[in-house]
Every structure is written in C-alpha cells, then in structure tokens.
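Below: the structure, in structure tokens.
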Amino acid sequence: MTPEPLAAYGVLPGADTVVELGDLGPWRPKLIATDLDGTLLDEAGEVTARTRAALTACWDAGVPVVGVTGRGPRLLDSVRAALDGRGIAVLSQGGFVVDLERDEVLRAVALPRDQAMAAIERIEAVAGDLLVAVEEAAEQGEVRGALRVQHGFEWPYPEPAEVLPKGEVLPPGAVLKVFLRSPELGQDELLARARSAVDPSDAEVTHAGLGFIEVLPPGITKASGLAIALERFGVDLGDVLVFGDMPNDLPMLAAVAAAGGRSIAMANAHPDVRAVAQGVTSGHRADGVARYLEAVLDV
C-alpha cells in the first residue's frame with residue numbers, strides 16, 4: 001500500500017514564486033541530488049505529475065536521482081514512494097543510506113546515549129530548558145519504530161509517537177538523532193546557541209525548518225550521506241546538480257559547489273541557503289526542481 005504523504009509543515013514565502021531561468025549554459029550534470037520537503041515535494045508532501053515526468057526523464061537520460069532528506073528510517077516508505085523506488089535514498093541528514101532497489105542499507109550511524117545526553121546538557125546550558133524527542137537507533141533495521149517524544153513537544157506530523165516524561169525520553173541505548181525544541185527561542189537562534197556549545201567532533205547540530213533543531217552523530221551531514229551514493233554510482237561531486245531549501249542542506253550545497261558542481265536554492269529557501277547557492281529556481285509549489293531540470297537537461 002502506498003504510504004500517505006506528509007503535508008508540508010508551514011509554507012515559507014516564495015513557495016509559489018516562478019523564477020525565469022534564462023540560459024543555463026552548456027554544463028550538464030551526471031547526477032541529481034535533491035532534498036524532499038520544501039524542495040522536491042509540494043505542500044501535500046507529493047511529487048506532482050510535472051516533477052515526476054522530469055525525474056523519469058533524468059533516469060531515461062542516464063542521470064540518476066538521489067533523494068537526500070532529514071526524514072528518518074521510520075518514514076522510508078514515504079521516501080521510497082517519492083523517489084518511485086529507484087536509486088539510493090539518503091535519510092536522517094546522512095545517517096541512514098539505503099539502496100532502494102536492492103533493499104540494502106549502506107549506512108546506519110548512531111549517537112551513543114552518553115554523547116547524546118552530554119550534547120543536550122551543553123545546549124540547555126546556553127539555551128535554557130528544552131523539550132526533547134528521540135529517534136532510536138535500535139529501530140533502524142525495522143524502520144517502523146515510533147518516536148520517543150516528551151510531553152508538550154508538539155511533533156508536527158501525524159506519526160506514531162510514544163509520549164514520555166522528559167527523564168524517560170532517551171532510551172537505554174544509542175539514538176539515531178535527537179530533536180530539541182525551545183519554548184522561548186526560534187529555531188535559528190537555538191541552532192546558533194547549540195553550535196556555540198557543541199563541538200562538531202562530539203555531535204552535529206542542524207535544523208530543517210520544522211521549528212526545532214536536530215542533534216546527530218559527529219560527521220553526519222547530507223554531504224557525507226551523499227558521498228556514499230556518489231561512490232555507488234561512480235559520480236564525482238563536480239558532476240552533481242543539487243537542490244535544497246534549509247540549513248540542513250548547506251553542507252551538501254557547499255560541497256557540490258566547491259567541487260565544481262551546481263547548487264540551487266528554491267525560491268522559498270532559508271536566507272542562509274539562498275546566500276550560498278549558485279542559483280535560484282522556482283518555489284516548491286511551482287515545480288521548481290522540475291522547471292530547472294527541464295531547462296538544464298532539455299527534458
């Protein structure tokens with residue numbers, strides 16, 4: 001059964017904006033990497049007919065498409081549906097990578113409980129008391145486990161969740177990632193404070209525009225997850241066309257741009273993303289990814 005799409009959590013300005021692309025030059029990618037929510041998917045969490053046709057045309061032209069998302073393995077079925085079950089999917093900000101066609105897990109990285117606890121404590125020292133939710137690493141193989149969520153966290157999606165007192169949210173074992181929400185601070189300010197308190201060698205911190213930040217194992221970013229897919233396909237970073245909209249996309253956008261590829265922000269992208277991207281396409285509700293693919297690949 002096809003999973004029910006997850007509707008977009010809020011809509012940023014620019015979602016309906018149409019950008020005139022003009023002449024994109026002779027450069028052509030050998031692989032497409034794209035974020036899902038706020039980028040490839042519309043506000044209903046679906047791939048439109050136009051976007052599906054563009055993705056199919058890429059595959060038909062020998063250009064594979066890799067979805068790179070913050071969604072965790074519990075949402076693998078929704079990712080598989082978005083990508084039509086083809087190629088490789090990078091989930092959990094790079095911590096969980098799956099070959100969709102072979103049902104093969106290529107990467108599963110966990111954050112030990114003591115490191116997760118230490119990161120939470122350091123962030124709370126500079127940001128005040130926070131609400132906590134956790135995705136257990138123990139559920140990676142099953143990819144069906146419910147989130148462990150503190151009372152009052154207000155998880156934005158209608159997913160299975162085990163609501164617990166704060167002291168019981170962290171499980172006995174390792175976690176895939178931790179979500180932290182502040183009752184006082186916005187996501188950008190919370191992320192800035194978290195980065196001031198947590199060394200990247202201990203944990204990665206980011207946010208995906210959902211109103212909270214994420215704490216991940218050290219070295220886990222969308223760039224590191226994409227690297228696994230590129231190795232599998234035998235494609236260099238400099239031959240990648242990448243799309244994104246939120247701060248969690250910045251590592252892969254920067255890596256692709258630095259290698260000579262092309263990084264594109266959505267018209268509805270976070271200001272930090274638009275500031276570093278090499279170009280801008282239409283908003284996610286205006287088939288921005290499809291419009292760019294049609295122009296650059298003549299599909």
Side-chain angles (χ1 to χ4, degrees), residues 1 3-11 36-38 41 43-45 69-79 81 91-93 95-96 108-191 193-194 197-198 203-217 220 246 248:
M1 184 174 67
E4 184 176 343
L6 298 180
Y9 178 67
V11 177
L36 297 186
D37 298 286
L41 308 180
E43 76 277 11
T69 179
R71 295 188 184 194
R74 71 192 181 283
L75 299 176
L76 178 60
D77 285 348
S78 70
V79 175
L91 292 85
S92 293
Q93 316 293 12
F96 192 84
V109 183
L111 184 65
R113 187 185 192 279
D114 59 344
Q115 287 182 235
M117 178 65 77
I120 295 170
E121 291 174 349
R122 291 188 193 116
I123 296 169
E124 288 192 317
V126 297
D129 193 50
L130 300 173
L131 296 163
V132 183
V134 167
E135 185 165 1
E136 280 191 85
E139 303 293 349
Q140 288 181 10
E142 300 174 18
V143 301
R144 294 293 189 280
L147 288 172
R148 300 170 66 91
V149 180
Q150 180 182 347
H151 289 282
F153 188 95
E154 296 182 6
W155 187 254
Y157 293 125
E159 304 169 40
E162 184 179 6
V163 181
L164 300 164
K166 184 173 184 176
E168 299 176 19
V169 173
L170 275 180
V175 301
L176 188 61
K177 56 180 174 177
V178 175
F179 308 92
L180 299 175
R181 182 189 289 277
S182 170
E184 307 292 338
L185 303 174
Q187 57 191 359
D188 287 334
E189 177 62 23
L190 180 56
L191 180 59
R193 296 194 188 192
V198 178
E204 287 283 345
V205 290
T206 191
H207 86 64
L210 297 173
F212 47 80
I213 67 170
E214 300 182 20
V215 181
L216 304 149
I220 294 303
M246 283 293 158
N248 60 323

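The shown structure was predicted, so the numbers you read here are calculated from the model rather than taken from an experiment.
Using a 4.5 Å heavy-atom cutoff, the side chains of I123 and L190 are in contact. Counting heavy atoms from C-beta on, the side chains of V169 and F153 never come closer than 4.5 Å. Within the 4.5 Å cutoff, no side-chain heavy atoms of P217 are placed close to those of Q115.
For residues 108-118, no pair satisfies salt bridge (Lys or Arg N to Asp or Glu O under 4.0 Å), with sequence neighbours left out. Applying the salt bridge (Lys or Arg N to Asp or Glu O under 4.0 Å) test to pairs two or more places apart or on separate chains, those with a residue in residues 120-131 are R122-D202, E124-K166, D129-K166.
The residues E154 and R181 are annotated as not salt-bridged, no charged nitrogen and carboxylate oxygen being separated by less than 4.0 angstrom.
Closest heavy-atom contact between L130 and Q150: O-OE1, 3.7 Å. Across G95 and I220, no two heavy atoms sit closer than the pair N-CG2, 3.4 Å. For the pair S92 and G72, the tightest heavy-atom approach, listed with the atom from each and the gap, is OG-CA, 3.2 Å.
Scored by the side-chain hydrogen bond (donor to acceptor under 3.5 Å, both in side chains) test, E162 finds no partners at all (sequence neighbours excluded). Judged as a side chain to side chain contact (heavy atoms under 4.5 Å, CB included), and not counting sequence neighbours, P172 has no contacts.
In this structure, S182 contributes its side chain and L185 its backbone to a donor-acceptor pair below 3.5 Å. Of the possible donor and acceptor atoms, none in the side chain of R148 sits under 3.5 Å from a partner among the backbone N and O of V132.
Once rounded to the nearest 0.5 Å, the distance linking CG of L147 with CD of E135 reads 6.0 Å.
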Given the rule in the side-chain contact (heavy atoms from CB on, under 4.5 Å) test, do M246 and D37 qualify, once you have shown the distances and angles that lead to the verdict?
-> CA-CA 9 Å; M246 283 293 158; D37 298 286; over 6 Å; no
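Residue V134 forms a side-chain contact (heavy atoms from CB on, under 4.5 Å) with just one option from V175, L176, I120, and that option is V175.
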List the atom pairs, with distances to 0.1 Å, where a side-chain N or O of residues 204-216 and a protein N or O form a donor-acceptor pair under 3.5 Å, not counting sequence neighbours.
{"unit_1": "T206", "atom_1": "OG1", "unit_2": "N248", "atom_2": "N", "d": "3.4"}
{"unit_1": "H207", "atom_1": "ND1", "unit_2": "G209", "atom_2": "N", "d": "2.9"}
{"unit_1": "H207", "atom_1": "NE2", "unit_2": "D188", "atom_2": "OD1", "d": "2.7"}
{"unit_1": "E214", "atom_1": "OE1", "unit_2": "Q93", "atom_2": "NE2", "d": "3.0"}
{"unit_1": "E214", "atom_1": "OE1", "unit_2": "K177", "atom_2": "NZ", "d": "2.9"}
{"unit_1": "E214", "atom_1": "OE2", "unit_2": "Q93", "atom_2": "NE2", "d": "3.3"}

